[in-house]
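Per chain, numbering begins at 1; letters A, B, ... match sequence-line order.
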Amino acid sequence: MLSTLNPFAPPPSPSSSSSTRPPPPSNPSLPLRPSPTPQISSHLFSHPSSLLLELCSDPRELRQFLPLVIKHGLFHEHIFQTKLLGLFSRFGHLQEAALVFDSIADKTDDLYHSMLKGHAKHSPLDKTLAFFCTMKHSQVCPVVYNFTYLLKSCGDNADLARGREIHSQLIANGFSSNVFTMTAVVNMYAKCRRVDEARKMFDRMPERDSVAWNAIVAGYAQNGLAEGALGMVVRMQDDGVAPDSITLVSALPACTNIRSLRAGKSVHGVAIRAGFDSLVNISTALVDMYSKCGAIEKARLVFDRMRLKNVVSWNSMIDGYGQSGDAEQAIRLFKKMLAQGFEPTDVTIMCALHACGELGDLEEGRFVHEMLTRLGLGSDASVMNSLITMYSKCKRVDLAAEIFECLKAKTLVSWNAMILGYAQNGRTDDALRLFSMMQWENVKPDSFSLVSVIPALADLSVLRQAKWVHGYAIRLCLDGNIFVRTALIDLYAKCGRVNMARKLFDTIHERHVTTWNAMIDGYGTHGFGKSAIELFEEMKRSPVKPNNITFLCVLSACSHAGLVDEGQKYFASMKKDYGFEPGMDLYGSMVDLLGRAGKLDEAWDFIQKMPIKPGISVYGAMLGACKIHKNVQLGEEAAKRLFELDPEDGGYHVLLANIYAAASMWEDVARVRTMMEKNGLQKTPGCSSIDLKNEVHTFYSGSTNHLQAERIYARLDRLIDEIKAVGYMPDTESIHDVEEDVKEQLLNTHSEKLAIAFGLINTSPGTPIQIRKNLRICTDCHNATKFISQVTEREIIVRDIQRFHHFKNGRCSCGDYW
DNA sequence: GTCCTTTCCG
């Protein structure tokens, strides 16, 4: 700015202190130009003109000035030393400030105060306090603002111990009723999350100005105590202090926090009446409040009416769209922001990445990735964490892993994001590997880590691991966390321990909607439809409102238990009583409900009447029902439409082939197989696994590579004879083009049977056997297992991809209805 | 010379 200064302008009046000084002129384009140093002539360095130094708005200009100061021998003049020191410390160049400071022989108190301020604003807390100590040792008398700066620094570092120390020193220095220091004390305690202590100090203040009130309002708001914050806003008015814009900008996030549109609107009203609503920070907070309170259109209205927007305003609106599920609008606004020439910040990038992830838009995601690299945000941990999540959501967990591996400053969030990414992309082993690795690297898992890894364990359904992670959660003192507990409920249910799940459920008093959903679904997959319904009815009487997932769980429970009327009733109630518009999965559930129960025509009719175009899940359910009830004609219809939707999963083709096979339509079976090959679709090989003595044993159909293979096959041979003796008939009708005995042989070596035989050999009599199958259990194995449970007097629990089957005394809990 | 807005993982 030096070139813009008029050297002939009258010098500022000597009485003008720094507090009333106008802000330094700022022209962002100027500091980039080389400074016209030679044009500055030495006559400027008369004493009044030394004030010029103060007008330096950036350290660069200061550095350009310095050689001149030295050249003209002014460096040792007190006024220059004072000003230089002040400037260096204001700009955070503490080393240079210290150089000036140390060179001064007889230091005035002012110089100490100036140094302390610089340290408090720019140095680590340790250094600041060390300087404060030397200051006291040099017999410098502390002043009010020494303490306010020190306390702010303690608050920013959330260093309660040091905060208390400063607090007591302040009392010793007789500042305990000063409104400035005490406001800083209130703020410090609030920042250290000790709102009660902050409040105690606030109540003890002999007088309170609006700043003091703002400190306590913000204190409550930032600690998630919205009611406290809003209560204090009321109290301050009763006390005759009018809320200012700072009060309101703190009160708004409090309304946002409790999602209270009503409170937010009333603050908006106050802001309008006081004329604060045109302030950029107020209107930005309003945008955030409205969008988070579910009034996204109103947020957009406020946003569009803003005459002045800053990056934060844009970020709030973009994130508002992202959080309310409108990722497309978020991206559109992001583009608009770029078009208007705003430079995205780390926050903008994170919001944009979130939206890309939601949309699964890899191309856009890559574009944002390139942009953030250009912007130099490639080492910002938060940004990189968002990138990991974006790539994971776009099903490119490989790219996510690449980012994670290269990320130098991994945070706990990075680990959590990567674990979740693996878990959600079916990379269970990698999720578990990372979870144990993080502990090797001394990163302590938190509730998010557990909530990410537990579903991966639920995928494996190994009870031993479930118990281990439960114990681990207890040791980490995280088992009380509602989301961890909910994940554990789901885990126990998926490990076949629905009673244990219920026990955990009963210990939770403040249940989240997902807690109810997990338990209802647990009952549903175990075929306990009645229990699921009872629990749902209990939920309706609780303060927690069901969401559309709840209805999905309830309908699937009804479907697995054959409760057709109940299911239909709930489907109707969902729209009528709760106003939920059913999604594709719910329609699929309804088709499943009707179809499984044999009401195939009704199911088909239901599909024709759907208000939205039926998707894969709907025709998939129809096809599955046609397989159960051996309906070739409707099966073909469903498959035709299903294949038009181009599913990536080859399972539907297999389903159709099985429908044909059951009807002995072998040419059609062959046709479907050819079609699969042509489309590059593969049948997922069926496999069954069983957990034994800390090891998971996995079997594929006919596999002979197990160490105990000989014993297993021998036991299986005997087993087949035993169950045949009590009435088992091999279901060979769905196998074609081989001899009868080969058919039997093929059936007998199904993975389910191998796993059961292995379990029988290796466990003592009476021990329940638990198997996990990656596809649906086959009809013959289901039948055989019933007989096996009878002849061996074992309880056999099979979890297939759809549900649980509890076999006992020759019967299955699904009532052969699955 | 104190107080204030936006953001990542469930």
*Asks:* Which pair of heavy atoms, one from Ala271(A) and one from Ile282(A), lies closest together, and at what distance?
*Replies:* CB-CG2, 4.2 Å

*Asks:* Compare the minimum distances between each of dC4(B), dC9(B), dT6(B) and the side chain of Ile246(A), then state the nucleotide with the smallest one.
*Replies:* dC4(B)

*Asks:* So, OP1 or OP2 of dC3(B): does either fall under 4.0 Å of a side-chain N or O from Lys191(A)?
*Replies:* no

*Asks:* Think Gln222(A) has a side-chain N or O under 4.0 angstrom from the OP1 or OP2 of dC3(B)?
*Replies:* no

*Asks:* Base, sugar-phosphate or nothing for Thr183(A)? Non-hydrogen atoms, less than 4.0 Å.
*Replies:* base

*Asks:* Check the angle between the aromatic planes of Phe342(A) and Trp314(A) and answer parallel, tilted or perpendicular using the 30° and 60° thresholds.
*Replies:* tilted

*Asks:* If you check every side-chain atom of Leu420(A), which of dT6(B), dC4(B), dG10(B) has the closest atom?
*Replies:* dG10(B)

*Asks:* Please tell me which of the listed nucleotides, dC3(B), dC8(B), dG10(B), lies nearest to the side chain of Asn187(A)?
*Replies:* dC3(B)

*Asks:* Does the aromatic ring of Phe180(A) sit over the six-membered base ring of dT2(B), closer than 5.5 Å centre to centre and tilted less than 30°?
*Replies:* no

*Asks:* Under 4.0 Å between any heavy atoms, over every strand shown, what does Lys121(A) touch: base, sugar-phosphate, or nothing? Just pick one.
*Replies:* nothing

*Asks:* Does Lys393(A) place a side-chain N or O at less than 4.0 Å from the phosphate oxygens OP1/OP2 of dC8(B)?
*Replies:* no

*Asks:* Can you tell me the distance, in whole Å, between the CZ atom of Phe202(A) and the P atom of dC3(B)?
*Replies:* 15 Å

*Asks:* Could you give the CG-to-C1' distance, from Asp156(A) to dT2(B), as a whole number of Å?
*Replies:* 12 Å

*Asks:* Just compare dC9(B), dG1(B), dT7(B) and give me whichever is closest to any side-chain atom of Thr389(A).
*Replies:* dC9(B)

*Asks:* Taking ring pair (Phe, Tyr, Trp, His ring centres under 6.0 Å) as the test, write out the residues that go with Tyr189(A), two or more places apart.
*Replies:* His167(A)

*Asks:* Mind checking if Gln323(A) touches a base, just sugar-phosphate, or nothing, with heavy atoms under 4.0 Å?
*Replies:* sugar-phosphate

*Asks:* Do the side-chain N or O atoms of His512(A) get closer than 4.0 angstrom to the phosphate oxygens (OP1, OP2) of dG10(B)?
*Replies:* no

*Asks:* Using the six-membered ring wherever Trp is involved, compare the ring planes of Phe131(A) and His119(A) and label them parallel, tilted or perpendicular (cut-offs 30° and 60°).
*Replies:* tilted

*Asks:* Using the side-chain heavy atoms of Val249(A), tell me which of these nucleotides is nearest: dT6(B), dT5(B), dG10(B).
*Replies:* dT5(B)

*Asks:* Would you kindly give the CZ-to-P distance between Phe276(A) and dC3(B), to the nearest whole Å?
*Replies:* 18 Å

